[in-house]
Amino acid sequence: MLITELKSRETIASLTEGKKVFIINCVGCKEVHFPEKEAAGLQKELSDGGNVTGVITTDYICNPENMELRLRSHMDEIQAADAVLVLSCGVGVQTVANYLEEKPVYAACDTYPLPGFQGVTPLEYKCDQCGECYLNLTGGICPLTACSKSLVNGQCGGAKNGRCEVDSEMECGWERIYRRLEQIGRLDVLKCPTQIRNFATDDEVSE
């Protein structure tokens, strides 16, 4: 199983301040705890401030066909937004980011593991459930799962012709991240100090 919880209000404010946002709430599958009350409170705060262009509340946003159909019916609201704020596990955020390639997509939640059945996703996207989601710094592409070495500080020196040195069939995750950030005009985030991963978060939740 896994659990999602909202990032701090300060973090979310830094992502949304001065921006129009479109919100996607994933109420989750049975294997995922979703902070519904907290999400509703956040949505009300943003809506009261006049910063929300539209909202989708659904489940299984990790299903690409279903998500694409839902997004298509809201494209005017999405285009009117400066960014899309996704409240889900990391797999859902990556699904949305892959579809909305030219729109900044932000994760509003962190994901933690819990003992038990994890469920089945139809996608190749994976969430490492590290408790400190990096997707907002990497354009919606997880560096822990897209990179064979799970590097969070950029590309290693072994990639060649855009392919991973560990698995030649695998595209270099950090080259994908760079192209994505360039596409949405956010290469500036690569100048920020690297967020050091706190491996203790997994143990804290498990206990």
Side-chain angles (χ1 to χ4, degrees), residues 2 4-5 7-8 10-12 14-16 19 21-22 24 26 61-64 67-68 71 78 81-113 118 121-202:
L2 56 88
T4 56
E5 68 175 21
K7 290 180 174 289
S8 69
E10 292 76 17
T11 297
I12 294 174
S14 71
L15 299 172
T16 61
K19 297 184 178 73
V21 297
F22 183 85
I24 301 177
C26 181
I61 70 173
C62 59
N63 183 307
M67 194 70 255
E68 181 177 350
L71 291 176
I78 292 172
D82 301 307
V84 175
L85 190 67
V86 182
L87 291 88
S88 77
C89 72
V91 175
V93 180
Q94 292 177 76
T95 305
V96 175
N98 184 65
Y99 183 72
L100 301 175
E101 293 183 344
E102 298 182 358
K103 182 74 64 174
V105 175
Y106 296 131
C109 296
D110 287 320
T111 307
Y112 299 85
Q118 287 288 327
T121 173
L123 295 178
E124 61 183 28
Y125 309 126
K126 296 179 181 179
C127 174
D128 207 43
Q129 302 170 24
C130 65
E132 295 180 304
C133 189
Y134 290 90
L135 293 173
N136 296 333
L137 300 174
T138 54
I141 298 172
C142 178
L144 300 180
T145 59
C147 171
S148 294
K149 301 177 182 179
S150 296
L151 298 179
V152 296
N153 58 345
Q155 185 181 26
C156 74
K160 184 177 181 180
N161 298 324
R163 314 307 291 183
C164 173
E165 73 167 342
V166 177
D167 180 359
S168 61
E169 299 298 317
M170 180 178 179
E171 187 176 9
C172 172
W174 272 97
E175 290 204 21
R176 290 176 53 208
I177 290 169
Y178 183 92
R179 291 197 302 270
R180 167 71 172 164
L181 291 174
E182 184 178 40
Q183 188 172 25
I184 61 176
R186 298 207 64 225
L187 284 175
D188 58 296
V189 300
L190 295 179
K191 299 177 182 179
C192 299
T194 301
Q195 178 180 339
I196 303 302
R197 186 179 183 187
N198 179 8
F199 289 91
T201 55
D202 292 356

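Along the sequence shown, residues are numbered consecutively beginning with 1.
- Annotation: side chain of V93 is in contact with side chain of S88 (closest heavy-atom distance under 4.5 Å).
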- Item | Working for side chain to side chain contact (heavy atoms under 4.5 Å, CB included), residues C127 and T145 | CA-CA 7 Å; C127 174; T145 59; over 6 Å; no
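- A distance of 8.0 Å separates CZ in R180 from CG in N98, rounded to the nearest 0.5 Å.
- Side-chain atoms of S150 and D128, non-hydrogen and from C-beta on, never get closer than 4.5 Å to each other.
- For E165 against C156, the heavy-atom pair with the smallest separation is OE2-SG, 4.1 Å.
- At distances below 3.5 Å, at least one donor-acceptor pair connects side-chain atoms of N136 with backbone N or O atoms of A107.
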- Are L71 and I24 close enough, and set up right, to give a side chain to side chain contact (heavy atoms under 4.5 Å, CB included), and what steps lead you there? CA-CA 10 Å; L71 291 176; I24 301 177; 3.7 Å; yes
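- Residues T4 and C109 share a closest heavy-atom pair of CB-CB, 4.3 Å.
- Heavy atoms only, all atoms of each residue included: C62 and V91 are closest at CB-CG1, 3.7 Å.
- Taking CG of L100 as the reference point, atom CD of E68 lies at 10.0 Å (rounded to 0.5 Å).
- The nearest pair of heavy atoms linking Q155 to C172 is NE2-SG, 3.5 Å.
- No donor-acceptor pair closer than 3.5 Å links the side chain of T111 to the backbone N or O of Q129.
- Between the NZ atom of K19 and the OH atom of Y106 there is a distance of 4.5 Å, given to the nearest 0.5 Å.
- Using a distance-only test at 3.5 Å, with no hydrogens or angles considered, a donor-acceptor pair links the side chain of W174 to the main chain of L151.
- Rounding to the nearest 0.5 Å places CD1 of I12 at 6.5 Å from CG of L87.
- Counting heavy-atom neighbours within 6.0 Å of D188 CG, excluding the residue itself, gives a total above 12.
- Distance alone, capped at 3.5 Å, places no donor-acceptor pair between the K149 side chain and the V166 backbone.
- The nearest pair of heavy atoms linking R163 to E169 is NH2-O, 2.8 Å.
- Judged by distance alone, with hydrogens and angles left aside, the side-chain atoms of D110 form no donor-acceptor pair with the main-chain N or O of E5 at under 3.5 Å.
- Here L190 contributes atom CG and N153 contributes atom CG; the two are 11.5 Å apart, rounded to the nearest 0.5 Å.
- Here the CD1-CZ distance, from I141 to R176, works out to 4.5 Å after rounding to the nearest 0.5 Å.
- Among the candidates D82, I78, V96, the single residue satisfying the side-chain contact (heavy atoms from CB on, under 4.5 Å) test with F22 is I78.
- Nearest approach of I177 to T138, heavy atoms of both residues: CG2-O, 3.7 Å.
- Proximity of V86 to L135: side-chain heavy atoms (C-beta onward) are nowhere separated by under 4.5 Å.
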